[in-house]
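In each ligand, atom 1 is the first atom listed, and ligand 1 is the first ligand listed. Residues: numbered from 1 along the sequence shown. Model, not experiment: these values are computed from the prediction.
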Amino acid sequence: MEWRRNVWFQTNQKSLERRKEPGSLKEVTKETKQKSSPTNPFSFLEFSTVASQQPAFIAPSPDHSPPPQLPESLFPAAFFFSETSHKMEESIPFIIDLEKISEEKECKKLREACERWGCFRIINHSIPLTLMAEMKSVIGALLELPMEIKKRNTEVIAGSGYMAPSKVNPFYEALGLYDLGSSQAVHNFCSQLDASPHQRQIMEAYGKAIHDLAVKIGQKMAESLGILGADFVDWPCQFRINKYNFTPEAVGSLGVQLHTDSGFLTILQDDENVGGLEVMDNNSGSFLPIPPLPGSLLGNLGDIARVWSNGRFCNVKHRVQCHEASTRFSIATFMLASRKGNVEAPAELVDHDQPRLYQPFIYEDYRKLRVSNEMHTGEALELLRIA
Ligand SMILES: O=C(O)CCC(=O)C(=O)O
Ligand SMILES: [Fe+2]
């Protein structure tokens, strides 16, 4: 609860100010109460929570999109609740509290999140908020550099270097490196971009912290399936900083096309102000907006998580929509796959009832298969299916 309150205070000052304006909250409350009814899925909206400086609570519509009839300013960091239980625990995507992850209940929730959505919010992750804020300002500055400097950020593996705005993604550009766990790689990245000593320091600190976090969450994902002692320390992490130059003309179009991430686990620091990320519900095919939740991170599972879990975990399809003309930043760390040997499910996850689903393969070969066949949403896995 403390965490939620802090985040709320830090991030929603402006909205709170707006809401405190005489009449404004009252007006909205009155209007919404009139619209509420036992059959209205939003009828249990708790405006008292707004008055006590808690987030507004909101149930999902059938397609999990926010209710169109309510003013957006009311839900700057909307939480989505199960219509049946109305509990925080049931929010979508699931919120995983890393401080509680050694408790059985939290670990079970992580497993459910990985199976049902392949996506979860991470709170109490121990990355200092100041480091996250400083990192955001560093990446903003790096992405502002002149084009000729950004172009020095050449790729080590396909797609790991500078990506200029293109015909397909005209509002998007990115800088990146492979692999974050290597201080030499971080050093090279910083040198390519003439980073200042301060920028280097932030990059190094953030890189180490986020790499360690990805390793820890990977271990917990394995533990949630009963695999103890899985070690992700040596798994390479690709790192990418994304900028979306959303102009008024971009509104309504995509910043990034629908895709799955190819690796095992992505840790994303999404923009704390500008939303647009959407994940696909595999059951219904509908899209669920992931509103910003400042101070938190997002875990997204990629294709390798599906293979490694022998089909239990979901590789989440996601995209970025432009809803407003403003600049959006995100910082993505992709923990890819084991450096050594094949990608395959551990023996504990394979048995008579759940035979091995995919033939063992080398990650780099899989990546090439995706690119050469232009299969961006995990379809290439079907080419490797054996059961
Ligand atoms: O910017 C975002 O929120 C998502 C970025 C993303 O999906 C990616 O870099 O793979
Ligand atoms: Fe992605």
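Residues Asn242 and Ser330 bring a donor and an acceptor atom of their side chains to less than 3.5 Å of each other. Glu173 and Tyr162 share a donor-acceptor pair across their side chains, judged by distance under 3.5 Å alone. Checking Asn315 against Thr260 by side-chain atom types alone, no donor-acceptor pair falls below 3.5 Å.
The cationic group of Arg306 does not satisfy the cation-pi geometry with Phe313, failing either the under 6.0 Å distance to the six-membered ring centre or the 45° limit from the ring axis. Cation-pi geometry between Arg319 and Phe287 is met: under 6.0 angstrom from the ring centre, within 45 degrees of the axis.
Among the heteroatoms counted here (N, O or S) of Asp261, OD1 is the one nearest to the Fe ion (ligand 2).
For Asp261, every heavy-atom contact with ligand 1 shorter than 4.0 Å involves the side chain, none the backbone. Here Val320 has side-chain heavy atoms under 4.0 Å from ligand 1, and that is the only part of it that gets that close. Using a 4.0 Å cut-off between heavy atoms, Asp271 makes no contact with ligand 1 at all.
Counting protein heavy atoms only, atom 3 (O) of ligand 1 is closest to Arg328 NH2, 2.9 Å. Among protein heavy atoms, the minimum distance from atom 5 (C) of ligand 1 is reached at Tyr244 OH, 3.5 Å. From the protein, the heavy atom lying nearest to atom 6 (C) of ligand 1 is His259 NE2, 3.8 Å.
Taking 4.5 Å as the limit, every side-chain heavy atom of Leu357 sits out of range of all side-chain heavy atoms of Val307. When side chains are defined from C-beta on, Phe239 counts as touching Met203, because their heavy atoms get closer than 4.5 Å.
Residue contacts with ligand 1 include Leu268, since one of its heavy atoms falls under 4.0 Å from the ligand.
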Apply side chain to side chain donor-acceptor pair (under 3.5 Å) to residues Arg370 and Ser262 and explain how you reach the verdict. CA-CA 8 Å; Arg370 261 178 70 116; Ser262 67; 4.8 Å; no
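Interface of Phe334 with ligand 1, defined as ligand atoms under 4.0 Å from a residue heavy atom, comprises 8 (C), 9 (O), 10 (O). Those atoms of ligand 1 with a heavy atom of His318 less than 4.0 angstrom away are 7 (O). Below 4.0 Å from some heavy atom of Asn242 lie the following atoms of ligand 1, by number and element: 5 (C), 9 (O).
Ligand 1 has an N or O atom lying under 3.5 Å from an N or O atom of Ser330, backbone or side chain. For a threshold of 3.5 Å applied to N or O pairs, the pair formed by Asp270 and ligand 1 contains no separation below that value.
Note on ring orientation: taking the six-membered ring where Trp is involved, the planes of Tyr172 and Tyr244 are tilted (angle from 30° to 60°).
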